Amino acid sequence: MARSGGRGMAWWVLGAALVAFCAGAVEARAQSSSMFGQPAQRSPLTLNQFSWTYQAVEEPPVIKIHDLVTVIVDEASQVTSEGEMDRRKKAHGKWALTDWISLHNYMLRPDKQGGGDPTIAGEMDTKYQAEAELETRDAMKFRIACHVVDIRPNGSLVLEGHRSIRNNQEVWEMSLSGVVRPEDLMPDNTVESENIAELRIDKREAGHVRDGYNRGWMQTLLDEYQPF
């Protein structure tokens, strides 16, 4: 009788423990083999922490007024134009003077021509034909350091730069101005000319080389008015 009561008590204790375990269990957990630790303790996976080849990106430089920015000018253009014109004009005309007057005693009177009224007849035939073809290629490539002369309210930088080179009698003068966004600047403080808004480039040459292909004033005048 005692043995039966003890066995019943053991089953009762075992059942109570099983019910308590099921009631208190929130989630089933298993062993994690991750090298990054438990999920609740893991930090966000970022390249700068776990990549062996990661290289940090350089922050864009903070630009202030009067700082220098190097502009890399690489501009090229190509224009092809063709034109043809064929014009012809033909006219015939005949004019006759039929009414004549004469002054007699301070009065105007009709004066009929004894030999008949004079007449004029003419014929005009003109033809103009022209063909033209134009093809130009221009390229400009150089580097120029510009000052930051102003910073607009939206952060855009206003650049302006001048450069003059003299070699004996040869002179090269270059000027540049424009507006650029700070994020378009490279880490080495340079910017491509194609990223500059309101870009204006002036390039002038003087010297023997320029005189060799420069048009004279007479040729310039003839090209301007084209008398023939």
Side-chain angles (χ1 to χ4, degrees), residues 46-49 51 53-87 128 130-228:
T46 57
L47 291 176
N48 59 343
Q49 294 180 0
S51 176
T53 60
Y54 172 78
Q55 293 184 356
V57 179
E58 297 185 19
E59 296 292 334
V62 179
I63 304 298
K64 302 180 293 297
I65 294 181
H66 304 308
D67 284 352
L68 294 178
V69 175
T70 301
V71 179
I72 303 174
V73 178
D74 190 358
E75 300 289 334
S77 63
Q78 180 177 352
V79 177
T80 301
S81 178
E82 296 182 0
E84 181 178 354
M85 183 174 63
D86 189 357
R87 182 178 63 187
Y128 179 78
E131 295 181 4
E133 182 177 352
L134 173 66
E135 182 175 357
T136 61
R137 292 185 179 92
D138 296 321
M140 185 181 300
K141 189 173 183 179
F142 62 91
R143 298 166 67 102
I144 183 172
C146 299
H147 287 276
V148 179
V149 297
D150 190 17
I151 299 179
R152 294 185 175 177
N154 62 349
S156 297
L157 309 176
V158 181
L159 305 179
E160 182 177 343
H162 306 277
R163 186 177 182 182
S164 178
I165 302 175
R166 177 182 292 274
N167 182 16
N168 295 328
Q169 299 298 324
E170 305 299 324
V171 180
W172 296 272
E173 295 181 355
M174 292 159 282
S175 300
L176 184 144
S177 63
V179 182
V180 65
R181 300 179 303 176
E183 53 266 28
D184 291 332
L185 296 180
M186 298 182 181
D188 59 351
N189 218 26
T190 61
V191 61
E192 299 283 348
S193 60
E194 61 184 10
N195 295 324
I196 298 180
E198 303 176 15
L199 178 64
R200 180 174 180 178
I201 301 175
D202 292 330
K203 186 174 181 293
R204 296 179 294 274
E205 299 178 9
H208 296 295
V209 177
R210 171 60 178 170
D211 295 340
Y213 63 86
N214 187 27
R215 295 181 302 170
W217 66 269
M218 178 62 72
Q219 184 64 42
T220 303
L221 185 63
L222 294 176
D223 292 340
E224 179 70 22
Y225 296 99
Q226 298 183 5
F228 304 106

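All of these numbers come straight from a predicted model, not from anything done at the bench.
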By side chain to side chain donor-acceptor pair (under 3.5 Å) - contacts of E194 (at least two apart): none
Shortest non-hydrogen contact from C146 to V71? SG-CG2, 3.7 Å
Could you walk me through whether K64 and V148 pass the side chain to side chain contact (heavy atoms under 4.5 Å, CB included) test, one step at a time? CA-CA 7 Å; K64 302 180 293 297; V148 179; over 6 Å; no
Side-chain donor or acceptor of R163 paired with backbone N/O of R143 under 3.5 Å: yes
Interatomic spacing from CD1 in I144 to NE2 in H162 - rounded to 0.5 Å: 8.0 Å
Side-chain heavy atoms of M174 within contact of K203, under 4.5 Å: yes
Report, as yes or no, whether the 6.0 Å neighbourhood of atom CD on E135 holds more than 12 heavy atoms from other residues, nucleotides or ligands. yes
Could you tell me whether a side-chain N or O of N189 sits under 3.5 Å from a main-chain N or O of L68, the two making a donor and an acceptor? yes
Evaluate the side-chain proximity of V179 to S156: yes if any heavy-atom separation is below 4.5 Å, no if none is. yes
Could you tell me the separation between the CG atom of L176 and the CZ atom of F142, rounded to the nearest 0.5 Å? 6.0 Å
Could you walk me through whether L185 and L157 pass the side chain to side chain contact (heavy atoms under 4.5 Å, CB included) test, one step at a time? CA-CA 10 Å; L185 296 180; L157 309 176; 3.9 Å; yes
Within a radius of less than 6.0 Å around CZ of R204, do more than 12 heavy atoms belonging to other residues, nucleotides or ligands occur? yes
Output for pair (D188 CG, T70 OG1), nearest 0.5 Å, gives 8.0 Å
Enter the distance from L159:CG to R200:CZ here, rounded to the nearest 0.5 Å. 15.5 Å
Please report the interatomic distance CD(E173) to CZ(R166), rounded to the nearest 0.5 Å. 8.0 Å
Here the pair of heavy atoms bringing S164 nearest to V171 is OG-CG1, 4.5 Å
Straight-line distance of E82 CD to T80 OG1, nearest 0.5 Å: 8.0 Å
